[in-house]
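Working notes, structure below.
Since this is a predicted model, take the numbers as computed values, not measurements.
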Amino acid sequence: MVVSHILGGIGNQMFQYAVARALSLKNGQRLILDLSDFSDYKLHNGFELSRVFGVAVESAAPSTKREVLGWRGNSLIKKILRRPQFNWLRGKKFIVEPHFNYWPEIFNLDGDVYLYGYWQSERYFKSFESTVREDFTFRERLIGRNLEFSSDIRKLNSISLHIRRGDYVSDKKNIKIMEACSLGYYRKAVEYMAARVVQPVFYIFSDDMDWVRANLSLDFPCVYVNNNHGRDSYRDMQLMSLCRYNIIANSSFSWWGAWLNSNPEKIVIAPRRWFRSGNDVSDLIPNEWVRL
């Protein structure tokens, strides 16, 4: 069996699911999700994959983790073993993502394994892209204001533009790792799109729309999508995926909105700088996307 540890916002959950789904398909194994850390998780909207996409979820029972990891399945021990200095104690079944870049050795794994990490690269599931896309089909049809937005998005040369601030500017832990994309990045991205797209219409998505309205002014038609909050926040990703082109933030949320965009002629612009540290993200951004 392949057991995947799931935690974070919906974008991170999607990466963690997709890598495990690909490995389980390659090896012909059961896919099981460890959702136990959501019990005291305060950020975002909890586990969302089954509610948003309707993916079939088999949740890992404590006995399942013990079966795969043995004594290493204890929550406290598992937390300690995630630290790099204890990698020699993990054994062959407890697989912690060794670094941020793509790790091809994952597909040499066989037998029961427990995956822990973020696994943020489409290279992990590119060979099973059609299955992953099918799994990530949104369950619920758009209604109300979102249906109106989607109708216009399909008719126009629509460009999603995502500005993420939220926990990037308010959460002490995240501030040390992430920083909101600069206004300079968005202006360059808009210029790039405007030079290539006739009569562009920008659909603006953000968790801080007041800040956006006060700080980002564009010389093109703009539509501010500000009606999806809380448990309906994922609707923004759904609408992003319907746009013809995408400008994403350094956020797995809009990464997936752009990746799920099925327009064969899409242009996707992503920030060259993703983390505050400036870590290499060459495997995170698909080769055909534009980095600014």
Taking [X] for its side chain and [Y] for its backbone only, find out whether a donor-acceptor pair lies under 3.5 Å.
{"X": "Arg72", "Y": "Leu89", "value": "yes"}
{"X": "Gln13", "Y": "Gly46", "value": "yes"}
{"X": "Glu122", "Y": "Pro286", "value": "no"}
{"X": "Ser254", "Y": "His162", "value": "no"}
{"X": "Tyr245", "Y": "Glu265", "value": "no"}
{"X": "Asp208", "Y": "Arg165", "value": "no"}
{"X": "Gln120", "Y": "Ser252", "value": "no"}
{"X": "Ser121", "Y": "Asp283", "value": "yes"}

Glu105, CD atom: more than 12 neighbouring heavy atoms under 6.0 Å: yes
Enclosure of Leu147 CG (heavy-atom neighbours >12, cutoff 6.0 Å): yes
Heavy-atom check, side chain of [X] versus side chain of [Y], under 4.5 Å:
{"X": "Leu161", "Y": "Cys222", "answer": "no"}
{"X": "Phe94", "Y": "Val113", "answer": "no"}
{"X": "Val201", "Y": "Val223", "answer": "yes"}
{"X": "Phe38", "Y": "Ile6", "answer": "yes"}
{"X": "Glu179", "Y": "Arg273", "answer": "yes"}
{"X": "Phe15", "Y": "Tyr124", "answer": "no"}
{"X": "Ser150", "Y": "Leu239", "answer": "yes"}
{"X": "Phe253", "Y": "Asp236", "answer": "yes"}

Glu97 and Trp119: side-chain donor and acceptor closer than 3.5 Å? no
Distance-only donor-acceptor check, side chains Ser241 and Asn261, under 3.5 Å: no
Quick one: side chain to side chain donor-acceptor pair (under 3.5 Å) partners of Arg291, sequence neighbours excluded? none
Could you list the residues that satisfy side chain to side chain donor-acceptor pair (under 3.5 Å) with Trp255, not counting sequence neighbours? none
Parallel, tilted or perpendicular: which fits the ring planes of Trp256 and Phe125, with parallel below 30° and perpendicular above 60°? parallel
Would Arg196 pass as a cation-pi partner of Tyr192, given that its NZ or CZ must be under 6.0 Å from the six-membered ring centre and within 45 degrees of the axis? yes
Which atoms form the tightest heavy-atom contact between [X] and [Y], and what is the distance?
{"X": "Tyr203", "Y": "Cys243", "result": "CB-SG, 4.4 Å"}
{"X": "Phe136", "Y": "Ala18", "result": "CE1-CB, 4.5 Å"}
{"X": "Ile267", "Y": "Val290", "result": "CG2-CG2, 4.4 Å"}
{"X": "Asn27", "Y": "Leu109", "result": "ND2-O, 2.9 Å"}
{"X": "Asn101", "Y": "His99", "result": "O-ND1, 3.0 Å"}
{"X": "Ala258", "Y": "Trp289", "result": "CB-CH2, 3.9 Å"}

Could you see if [X] belongs to whatever hydrophobic cluster contains [Y]? Use Ile, Leu, Val, Met, Phe, Trp, Tyr and a side-chain cutoff under 4.5 Å.
{"X": "Leu242", "Y": "Ile10", "answer": "yes"}
{"X": "Tyr234", "Y": "Leu260", "answer": "yes"}
{"X": "Trp259", "Y": "Phe138", "answer": "yes"}
{"X": "Ile106", "Y": "Met14", "answer": "yes"}
{"X": "Met240", "Y": "Leu216", "answer": "no"}

Spacing of [X] atom [atom1] and [Y] atom [atom2] [to the nearest 0.5 Å]:
{"X": "Ile32", "Y": "Leu115", "atom1": "CD1", "atom2": "CG", "answer": "11.5 Å"}
{"X": "Lys155", "Y": "Ser158", "atom1": "NZ", "atom2": "OG", "answer": "12.0 Å"}
{"X": "Ile159", "Y": "Lys266", "atom1": "CD1", "atom2": "NZ", "answer": "14.5 Å"}
{"X": "Cys181", "Y": "Arg164", "atom1": "SG", "atom2": "CZ", "answer": "10.5 Å"}
{"X": "Arg272", "Y": "Leu292", "atom1": "CZ", "atom2": "CG", "answer": "7.0 Å"}
{"X": "Leu284", "Y": "Tyr118", "atom1": "CG", "atom2": "OH", "answer": "13.5 Å"}

Remaining members of the apolar cluster that contains Val198, side-chain heavy atoms under 4.5 Å: none
To which residues is Phe128 joined in a hydrophobic cluster, defined by side-chain heavy-atom contacts under 4.5 Å among Ile, Leu, Val, Met, Phe, Trp and Tyr, whether direct or through other members? Leu25
Kindly determine whether Ile269 and Asn246 satisfy side-chain contact (heavy atoms from CB on, under 4.5 Å), including the steps that lead there. CA-CA 6 Å; Ile269 298 179; Asn246 310 93; over 6 Å; no
Hey, do the aromatic rings of Phe100 and Phe275 have their centres closer than 6.0 Å? yes
Before giving the answer on side-chain contact (heavy atoms from CB on, under 4.5 Å), spell out for Met193 and Phe220 the whole-Å C-alpha distance, their side-chain angles and the decisive distance to 0.1 Å. CA-CA 11 Å; Met193 287 292 194; Phe220 301 95; over 6 Å; no
Working note: Phe205 + Asn226, criterion side-chain contact (heavy atoms from CB on, under 4.5 Å); need CA distance, chi angles, decisive distance, verdict. CA-CA 7 Å; Phe205 301 86; Asn226 195 31; over 6 Å; no
Give the intermediate values and the outcome of side-chain hydrogen bond (donor to acceptor under 3.5 Å, both in side chains) for residues Asn157 and Arg244. CA-CA 6 Å; Asn157 281 334; Arg244 295 190 180 183; 2.9 Å; yes
Answer yes when Lys65 and Asp34 have at least one side-chain N-carboxylate O distance shorter than 4.0 Å, and no when they do not. yes
For residues 131-148, pull every pair meeting side chain to side chain donor-acceptor pair (under 3.5 Å), keeping only residues two or more places apart or in separate chains. Tyr17-Asp135, Arg21-Asp135, Glu129-Arg133, Arg145-Glu148, Asn146-Asn227, Asn146-Asn228
Check step by step if side-chain contact (heavy atoms from CB on, under 4.5 Å) holds for Phe202 and Val197. CA-CA 11 Å; Phe202 290 86; Val197 177; over 6 Å; no
Tell me which donor-acceptor pairs under 3.5 Å the side chains of residues 78-88 have, and how far apart each pair is, sequence neighbours excluded?
from, atom 1, to, atom 2, distance (Å)
Lys78, NZ, Tyr114, OH, 3.3
Arg82, NE, Tyr116, OH, 3.0
Trp88, NE1, Gln85, O, 3.1

